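Okay, so here's the structure we're looking at.
Position 1 is the first residue of the sequence; numbering continues from there. Atom set for the values below is all heavy atoms of this structure, side chains included, hydrogens, waters and symmetry mates excluded. Because the structure is a prediction, the values reported are computed rather than measured.
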Amino acid sequence: PAGVPGQWYAVDITGLYNSWQSGLYPNYGLQLRPQDNWNNYNAFYSADYTGDPTLRPKLVITAPAPVAPAISVPPQSQTVQAAANVVFSVTATGTPPLSYQWRKSGVNIAGATGATLSLTSVGASASGGYSVVVQNPAGSIVSGTAFLSVLADGANGNDPGQISASGLVTQMPGQNNLVIVTHGWSAFSLPVLDPWVTGLADAIRSSAPSGWQVVPIDWTLEAYTLLPDMALVNGRIKGMLLGEQIASQSWSHVHLIGKSAGAALIQAAADAIKHSTPSKEVHTTFLDPYLGLNYRGRSWYGMNADWSENYFAHDLWTDVPASLTEGPLDNTFNVNVTWADPSILLTPIYCQTAGSTPPTLGDEAWSSHDWPREFYYRTVLGTQPTCASGFGFSMSKEGGGWDSHGTHPIGQAPLVPCGLPPVTQNPFPMRFDFEFRFDQLPSATSGAGVSFLGNTSFLLNSSPSHLLLNGRQDGGREPEDGDPTGTPAWLAVGVTTSNAANFVQFDAGFTSTNGAQGLMTVYWNTNQIGTVDERIESPGLHSYRFALPGAVTNGLYTLSFRLDSFTNTTSSVTVTNVATGFAGVSQPLTLGMVRGTNGAPLLELTGAAGYTYLVQTSTNLVDWAPTALLVNTNGTIFFADPTATNYSRRFYQALMP
């Protein structure tokens, strides 16, 4: 019916509003026109109606621009006891609807798609960093990481086992001299012996005179660990046990050859041999030895040998800083074999000057982490470059050159066959944090077997759970080799880091007697970072430093110590002076593009002074090649890439070599 002039009318636009909200009619509107004598205009028209322009709506409802999510209350870090229930929550704003996806260590948690994340009856494996992605059609945002520290045994239900070295070397009749060849650490590898180990052993066996026994040592189960420093820890234990075996046999001369982290194995073996039988003649050969995060290998490798040699290369090993596998050792005859590599890469060396574009100082040669062991293999076959003749196998007793080893001094600056020495690199600085006060840290223990000794020390006692009767436990189960027979003692503490940290250090000493065989295992969350084996440790406190799974900062973590007993004797260990620290350069490294005085583009690197930096280039962000080595003397260095015009696009990254 026609309206009455001057009277207000209500118009129901619910359908229009709902259609606009749902997106069905994103820009439809409502046109209200005065009543005329023949029609009542109360209809929907599009704002871009192409018919009569007068019928386009005068009042148009348009959607506001959606607002991207923002996090107003992020999830908070928590420290809890084992079996607790945990809830993380986030408060976010933005145009609805908002969606959520929770992550642990950057990996999506299945089904965790609400504003809260509930974890029930948490165990050690729940420790870690949690974040949430909040998303709507306008964008997404990732919250800061909230850490969960579960105060529980870091073994997470897995019993630690002893490392065994039984039966590795059995002296054969008529064999008076021994050669050991072994490998090192390799990231993300299956525990399968690398063929080069047996290949080198076979070559030495074929070239050595009679009376020589050559044995390849396979310790892959202990060497292929999460961290190379953990392989060093395991290698030391394996080597000490191996050395004790060798010392008990009637060898006259022992030659130990080890690559990378295998350096710890052969050095520990040399220590054990000389400790038990000082008269045995020991020769150690290191092939690109891994020094460890604390550079301990630099002063340790080569000790307790009648003569020792070190062959290393200036390499691009990306799993660890190359500086940790190269350079002279204090107790060895040092040879840099980089330039003897037929596959070397050359990059220009730039040094800092007052000008914007520094001159080059020549070329830097780059080899590989595998080249030193390949070089030694070639010296056995006699196929090494002519300029590198006289090194390697020919210097050993089995190679005929042992009597002249006294003319090759140890600890000297490296000889560089076939080329020039590399640019020197300052050793990384090391920072130590304050030792932990256990009375101020949240903690949990196994109960029995844990005692606090003041504020900074504690004692672990792992007691046998029952006696061994006639070789069998009273429960009737035959204990397996390396199987703990007692009840473990453990202590877990929640550790908050505010400064960068990449290692844990402490002092520890076993106080048990009567043939105890304790094994203390140290965990960062549930990552095993080191062990201390009572079988090979001398009495008294000793310092230990174990690398973390990576550099951490501004987080909350669980550090736990566990002691297992492997005999029917109580094992006891005292731990004190526990602290975190950082080895390396913490100053940020930046690489940017600037304009030179002539308008040409220059790359500008800013980082800690006193170090060299490697610049790599790529055209696809996958394959990287070395392009320049920068000798940074005052914090900033500029350089030009003369090959940049050869590519349609060019990416750069800088790192410490």
Side-chain angles (χ1 to χ4, degrees), residues 69-93 98-135 141-158 433-447 450 452 455 458 490-502 504 522-529 548-562 578-580:
I71 294 176
S72 55
V73 181
Q76 301 298 306
S77 297
Q78 303 177 51
T79 302
V80 300
Q81 298 288 330
N85 296 330
V86 176
V87 176
F88 288 108
S89 63
V90 65
T91 301
T93 60
L98 299 176
S99 63
Y100 303 85
Q101 176 61 63
W102 289 88
R103 299 174 174 177
K104 181 185 179 188
S105 302
V107 178
N108 289 349
I109 302 173
T113 56
T116 60
L117 171 66
S118 297
L119 306 174
T120 59
S121 191
V122 294
S125 61
S127 294
Y130 293 81
S131 60
V132 59
V133 180
V134 185
Q135 188 172 7
I141 188 172
V142 182
S143 73
T145 300
F147 292 88
L148 177 62
S149 171
V150 180
L151 301 175
D153 177 9
N156 194 32
N158 301 309
D433 300 328
F434 294 108
E435 61 188 34
F436 296 159
R437 288 180 55 97
F438 294 104
D439 59 333
Q440 298 177 356
L441 294 175
S443 65
T445 73
S446 56
V450 181
F452 289 98
N455 299 326
F458 60 90
W490 57 265
L491 166 69
V493 294
V495 177
T496 300
T497 59
S498 54
N499 298 318
N502 58 12
V504 170
V522 185
Y523 299 91
W524 188 258
N525 287 349
T526 55
N527 295 308
Q528 180 179 325
I529 61 173
L548 300 182
V552 299
T553 187
N554 296 324
L556 180 61
Y557 304 90
T558 305
L559 173 65
S560 60
F561 298 81
R562 168 175 168 146
V578 183
T580 55

*Would you check if there is a donor-acceptor pair between the side chains of Thr558 and Ser149 at a distance under 3.5 Å?*
yes

*Do the side-chain N and O atoms of Asn156 and Thr526 include a donor-acceptor pair separated by under 3.5 angstrom?*
no

Of the non-hydrogen atoms in [X] and [Y], which two are nearest, and what is the gap between them?
| X | Y | result |
| --- | --- | --- |
| Ala124 | Val150 | N-CG1, 4.2 Å |
| Asn85 | Ser121 | OD1-N, 2.9 Å |
| Ser560 | Gly154 | OG-N, 3.2 Å |
| Arg562 | Asn158 | NH1-O, 4.3 Å |
| Leu151 | Gly494 | CD2-N, 3.4 Å |
| Ala579 | Asp433 | CB-O, 3.6 Å |

Could you tell me whether the side chain of [Y] reaches within less than 4.5 Å of the side chain of [X], counting heavy atoms only?
| X | Y | result |
| --- | --- | --- |
| Val495 | Val493 | yes |
| Arg103 | Val133 | yes |
| Ser443 | Leu491 | yes |
| Leu548 | Ile529 | yes |
| Gln78 | Val86 | yes |
| Trp524 | Leu559 | yes |
| Val80 | Leu148 | yes |

_For Phe147 and Tyr130: C-alpha separation, side-chain torsions, deciding distance, then whether ring pair (Phe, Tyr, Trp, His ring centres under 6.0 Å) applies._
CA-CA 6 Å; Phe147 292 88; Tyr130 293 81; 9.1 Å; no

Point-to-point distance, once rounded to the nearest 0.5 Å, from [atom1] of [X] to [atom2] of [Y]:
| X | Y | atom1 | atom2 | value |
| --- | --- | --- | --- | --- |
| Lys104 | Ser131 | NZ | OG | 12.0 Å |
| Leu556 | Ser77 | CG | OG | 5.5 Å |
| Asn108 | Gln101 | CG | CD | 4.0 Å |
| Ile71 | Thr93 | CD1 | OG1 | 9.0 Å |
| Ser143 | Trp102 | OG | CH2 | 6.0 Å |
| Asn499 | Phe434 | CG | CZ | 9.5 Å |

_Between Ser498 and Asn554 (side chain of the first, backbone of the second, donor and acceptor by atom type, cut-off under 3.5 Å), is there such a pair?_
no

*So, the side chain of Asp153 versus the backbone of Ala155: is there a donor-acceptor pair under 3.5 Å, distance only?*
yes

*Decide yes or no on side chain to side chain contact (heavy atoms under 4.5 Å, CB included) for Leu117 and Val90, but give the supporting numbers first.*
CA-CA 9 Å; Leu117 171 66; Val90 65; over 6 Å; no

_Residue that, paired with Phe561, satisfies ring-ring contact (aromatic ring centres under 6.0 Å, His included) out of Phe436, Phe438, Phe458, Trp490_ = Phe458

